[in-house]
2 protein chains.
Amino acid sequence: MNVSADQKLGAADIAALIRREISKGGLQLHDRLPPERVLSDSYGAARGTVRKALMRLEKEGFVETRPGSGTYVVHQPDDNSASAIEHATPLELMDARFALEPHICRLAVLHGRQADFDRMEELCNRMEECTDDPVAFSDADTDFHRALVECTRNGLLIWIIDQIATVRSEDDWTRMRHLTLDRRTIATYNTQHRQILNAIRTREPERAANIMKEHLETARLSLTRASDT
Amino acid sequence: MNVSADQKLGAADIAALIRREISKGGLQLHDRLPPERVLSDSYGAARGTVRKALMRLEKEGFVETRPGSGTYVVHQPDDNSASAIEHATPLELMDARFALEPHICRLAVLHGRQADFDRMEELCNRMEECTDDPVAFSDADTDFHRALVECTRNGLLIWIIDQIATVRSEDDWTRMRHLTLDRRTIATYNTQHRQILNAIRTREPERAANIMKEHLETARLSLTRASDT
DNA sequence: CTTTTATGGACCAATTATATACCATTTGAT
DNA sequence: ATCAAATGGTATATAATTGGTCCATAAAAG
């Protein structure tokens, strides 16, 4: 269908573009869209085509059109961080961690200080005392990853990790899995945490990142294993 | 959407501008808006038009108007932990993108569909028509990276990228830099965008990720170069 | 071929915008 | 306490804008 440069835009295409603009927030609630005649000009389509697109969006509930006045946005995109973030599945969450945490390790190597490493060391110790207490281990684990991102001195990354941690704590599936952590898995996590810390201490960014990938792979496995149960 | 200079502003447009100003924090709680006559002058609209805009905002609960006194802001914008995220520096932002986007490329290879690629292709075309319009290019660039993350079908990642885009658009430093993009830099970006898209199309995750790293390195260079000025 | 869709133009009815004038209340200085 | 300036409230006549509709034609899809 749609292959190259200045393709003629159909009603469906235009509707998609406007729908996207609303979802993205470029067009907010109560905003008025440009007049149909302007839209038809800027999209390079006939006015009738634009009208079809708008009628479509109206049926979908994105837009309301008042004769003589204009077409207005009537749709609150579920942006309130709650619904967008709380509906994250554990697998989406794992993918996000896969994106973030290995690189966070690299940045930790660059910006981490002695005090950071001492704190992470202390958290490793705490986790190793928790082989029989999955709940306490889980808390310490969250703290460890938070301490790790704090090494980066990057407020934005810290904020993102905090958001993810919030999802993680509110996610029943993941919480359930944490409660059923067996001793062997916890032991694996512990050695991986230690290895990550050591790699950061000895300023080996790629090694730290790679161990983090292993660590996350382990976590993903235990996640899928739990979901099979 | 609104690009040109002296565009006729309707009541809906003026309402939108003020609504955004309140949401952004430029107008805070209990602040008094300029008199209607001043607003009508500065927006280049008749006073009646401004009044309609204000009446709309009053119905929406953004504003309260007291006869003989003035119009006052009555709305607390949802303070979505904005404080933590709005203070992000451009360099922090780059590090976050370095963490996220290469892996997003890998996920795009896994989950992207034909329609996604078509859209990205279209955005590449749009960007290539913008070598002389840094503002339009910048918008299309943001859309491209947003389209890229949409390939992942991962609501959490999409949300995170949106947050970063919000920071980016509100960050004066970055915006300033976008206004001074030279043709050569834009050309470099364009070839990199194409290469990324092609690598995703041919399902080569690591190649896509690596080109993205190059792309971000280019962006970081142009950022530090601008900060030296 | 038939059907659907898009185009370009014209006109209508409703709404909106403009420009101006004047009133009522508040505010602040005297 | 008083007065003048500033501000929102209202009214009106006119012009401009906007969506709604219809039509003849052309292009694309099935």
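Convention: sequence-line order gives letters A, B, ...; per-chain numbering from 1. Atom set for the values below is all heavy atoms of this structure, side chains included, hydrogens, waters and symmetry mates excluded.
Checked by atom type and distance alone, the side chain of B:Glu101 never pairs as donor or acceptor with a backbone atom of B:Met212 at under 3.5 Å.
Between B:Leu54 atom CG and D:dG8 atom C1' there is a gap of 10 Å when expressed in whole angstrom units. Counting to the nearest Å, the C1' atom of C:dA17 and the CG atom of B:Asp13 are 12 Å from each other. In this structure, CG of A:Asp41 is placed 12 Å from P of C:dG9, rounded to the nearest angstrom. The CD-P distance, from A:Glu64 to D:dG20, rounds to 11 Å in whole Å. Distance CZ (A:Arg66) to P (C:dA13): 22 Å, rounded to an integer number of Å. Regarding B:Leu33, its CG atom lies at a distance of 16 Å from the C1' atom of D:dA6, rounded to whole Å.
The side chain of B:Arg47 sits closest to D:dG8 out of D:dT21, D:dG8, D:dT18. In the set C:dT16, D:dG8, D:dG19, the nucleotide with an atom closest to the side chain of B:Lys52 is C:dT16. Nearest to the side chain of A:Arg32, among D:dG8, D:dG20, D:dT18, sits D:dT18. Closest contact between the side chain of A:Glu36 and the listed nucleotides D:dT18, D:dG20, C:dT7 involves D:dG20. With D:dG8, C:dT7, C:dT16 as the choices, the nucleotide that has an atom nearest any side-chain atom of A:Ser69 turns out to be C:dT16. The side chain of A:Ala45 lies closest to C:dT7 when the candidates are D:dG20, C:dT7, D:dT7. Considering only side-chain atoms of B:Arg37, the nucleotide from C:dT18, C:dA6, D:dG8 that sits closest is D:dG8. Here the side chain of A:Thr65 is nearest to one of C:dT18, D:dG19, D:dG8, namely D:dG19. Checked against D:dG19, D:dT10, D:dT7, the side chain of B:Arg51 finds its nearest nucleotide in D:dT10.
Between B:His103 and A:Phe98, the ring-plane angle classifies as parallel under the 30° and 60° cut-offs. Between B:His193 and B:His215, the ring planes are perpendicular. Angles over 60° get that label, and only those under 30° would be called parallel.
Under the 3.5 Å distance criterion, with hydrogens and angles disregarded, no donor-acceptor pair is assigned to the side chains of A:Glu206 and A:Asn210.
The side chain of A:Thr49 contributes no N or O atom lying less than 4.0 Å from OP1 or OP2 of C:dT5. For B:Thr71 and D:dT7, the shortest distance from a side-chain N or O to OP1 or OP2 is not below 4.0 Å.
Residue order along DNA chain C, read from the 5' end via each residue's closest nucleotide, puts A:Gly48 first among B:Gly68 and A:Gly48.
For an aromatic pair to be called close, the ring centres must be under 6.0 Å apart, and A:Tyr72 with A:His30 fails this.
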